[in-house]
K.L.:
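Here's a structure for you.
Every chain is numbered from 1, with letters handed out A, B, ... down the list of sequences.
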Amino acid sequence: MSGRPSAPRGTHDVLPPETRRREHLIDTARAVFEMYAYEAIVTPTFEETEVFVRGVGTSTDIVRKEMYSFTDQGGRELTLRPEGTASVARAFVQHGMHKLQLPVKLWYLAPMFRQEAPQKGRFREHYQLGIEVLGSDSPLVDIEVIAVLADLYERLRVPKLGLRISSMGDPDSRAAHREALIPHLERNAGRLTEEARGRITENPLRLFDSKDQSVQSVMAEAPPLGDYLSADARAHYGAVLLGLDKLAIAYETDSTLVRGMDYYTKTVFEFTCGNLGAQSAIGGGGRYDGLVEQLGGPPTPGIGFGTGVERLMLALEGVGENRPSGLRCYVAILDDDLRVELLPLIGGLRSAGISVETDLRGRGLKAMMKHAASRGAEQAVIIGRRDYDDGVATVRDMRSGDQQQVPLDQLAEVLA
RNA sequence: GUGAACGUAGCUCAGUGGUAGAGCUCCGGCUUGUGGUGCCGGCGGUCGCGGGUUCGAAUCCCGUCGUUCACCCCA
């Protein structure tokens with residue numbers, strides 16, 4: 001920074017009228033969440049670092065190199081929330097929410113912070129809309145969670161939508177798979193990149209997602225996780241897919257789908273938008289049946305998703321709707337002395353529920369009419385000395401241009 | 001974090017070594033009380049920032065910050 005300060009790297013301001021598009025998106029999401037009977041939850045912007053280390057997992061890029069961590073004046077190790085699920089799980093444990101009627105169904109809108117290299121659609125601070133369902137291991141919940149997100153995207157009319165889904169299995173499935181996968185990788189270590197070799201024991205599943213051709217050829221011959229699913233995990237996965245079919249939600253199963261948090265079990269899924277380039281994932285999530293216990297709570301299954309507000313905004317460029325400004329009426333006062341005299345009149349219109357804009361700069365009538373038009377006012381109320389002395393105002397319909405004289409004391413009724 | 005491209009008015013961009021430009025936006029006038037089209041005028045720039053080369057730098061060189069693209073990762 002030198003001279004004029006600017007927003008920090010990877011952050012950005014959202015200005016009107018862009019904020020109207022954003023609010024339409026958020027309003028729509030809230031409406032959908034309420035339709036499925038979710039309740040809002042708010043958690044702190046920062047947590048004890050331990051929440052994310054234990055929750056998200058030490059093998060993840062998020063915990064290893066992307067967290068905004070700091071020590072406060074009391075020597076506490078804190079971290080700006082890099083994702084939403086761990087915080088919600090922590091709150092669930094802290095407040096004994098397992099004693100509530102289960103499952104608990106929650107939604108949130110919150111900023112997330114990750115120190116990554118910024119790119120289009122990837123920011124160091126971004127907002128996520130998300131839901132979490134805690135306390136039921138039924139595949140019905142998996143189906144509902146995916147349906148909520150699909151419903152939201154449909155209402156927003158997200159173009160070129162894709163859904164990939166997979167099952168990570170339960171811990172037993174993963175352990176059995178690991179025993180077969182690691183020897184395969186070690187036998188073929190010569191064909192792996194150095195980076196890939198480093199992950200063999202750390203998080204070998206990640207390699208299924210590699211874009212390196214040589215690594216891919218090794219993974220193509222590797223034992224797929226799907227072959228090692230336990231009977232329970234397999235049945236669960238089948239039930240979820242059946243439910244999606246029943247709801248006519250299109251999906252593609254993809255056993256190479258690997259997500260960035262260690263807590264995922266069984267169902268994982270990711271929605272993509274085809275016109276977003278490299279950052280095509282607009283929302284994703286999965287089941288995390290061990291997370292609550294990991295954070296010191298009773299064994300409690302859970303599942304949720306997060307979807308990125310900024311990426312949705314990009315995906316909806318050109319097709320998204322704005323929230324209407326709601327401005328109904330522009331009051332144009334021609335005589336300077338009347339500007340103060342008529343403040344109660346304007347106040348009265350607003351009390352009557354009419355959105356009113358008026359000139360705050362001392363513009364001339366022509367400029368005020370232009371202002372009224374550009375702000376989208378439906379009607380203009382013009383009051384000059386002549387009108388005021390007669391106790392009337394001129395009301396102009398901005399669409400048709402029709403004008404009529406209205407007594408000042410009837411203005412609210414006529415405009416309403 | 002690595003590699004590459006780009007950074008000129010609020011916005012979109014032109015200008016590639018010789019006095020900083022256009023369109024749009026905004027403000028005002030033509031119309032002394034009437035918008036969305038027209039005409040005229042005006043406001044607005046440390047050419048991202050710092051250093052260097054040069055008689056002279058928006059232009060060439062170095063550094064730095066930011067954006068974008070790819071890798072990586074993810075929303």
K.L.:
Taking the side chain of A:Leu365 as its heavy atoms from C-beta onward, which of B:A75, B:U34, B:G35 lies nearest to it?
P.N.:
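Looking only at side-chain atoms, A:Leu365 lies closest to B:U34.
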K.L.:
Evaluate whether the aromatic ring of A:His126 and the six-membered ring of the B:A75 base sit under 5.5 Å apart, centre to centre, with an inclination under 30°.
P.N.:
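Stack criterion met.
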K.L.:
The side chain of A:Glu116 lies closest to which of these nucleotides: B:G35, B:A75, B:G1?
P.N.:
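In terms of side-chain proximity for A:Glu116, the closest of B:G35, B:A75, B:G1 is B:A75.
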K.L.:
Is the shortest side-chain N/O distance from A:Arg363 to OP1 or OP2 of B:C27 below 4.0 Å?
P.N.:
yes
K.L.:
B:G35, B:C27, B:C74: which one has an atom nearest the side-chain heavy atoms of A:Arg361?
P.N.:
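Closest of the options to the side chain of A:Arg361: B:C27.
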K.L.:
Would you mind telling me which residue lines up with the more 5' stretch of RNA chain B, A:Arg396 or A:Pro8, judged by nearest nucleotide?
P.N.:
A:Arg396
K.L.:
Could you state the CD-C1' distance from A:Gln279 to B:C73, rounded to the nearest angstrom?
P.N.:
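Distance check: A:Gln279 CD to B:C73 C1' gives 9 Å.
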K.L.:
Going by an N to O cut-off under 4.0 Å, is there a salt bridge joining A:Arg187 and A:Glu221?
P.N.:
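Between A:Glu221 and A:Arg187 there is no salt bridge, as every charged N stays at least 4.0 Å from the carboxylate O atoms.
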K.L.:
Between A:Gln119 and B:A70, is there a contact of a side-chain N or O with OP1 or OP2 at under 4.0 Å?
P.N.:
yes
K.L.:
Between B:G66, B:G35, B:A75, which one does the side chain of A:Met398 approach most closely?
P.N.:
B:G35
K.L.:
Here's a test of your reading of the structure: between A:Gly283 and A:Ser400, which maps to the more 5' nucleotide of RNA chain B?
P.N.:
A:Ser400
K.L.:
Check every atom of B:G28, B:G66, B:U31 against the side chain of A:Lys366 and return the nucleotide holding the closest atom.
P.N.:
B:U31
K.L.:
Side chains of A:Arg81 and A:Thr43 only: does a donor on one sit below 3.5 Å from an acceptor on the other?
P.N.:
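Yes, a side-chain donor-acceptor pair sits under 3.5 Å.
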K.L.:
Could you give the CG-to-P distance, from A:Asp61 to B:C74, as a whole number of Å?
P.N.:
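A:Asp61 atom CG is separated from B:C74 atom P by 6 Å.
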K.L.:
Counting side-chain heavy atoms from C-beta on, which of B:C73, B:G33, B:U68 comes nearest to A:Ile382?
P.N.:
B:G33
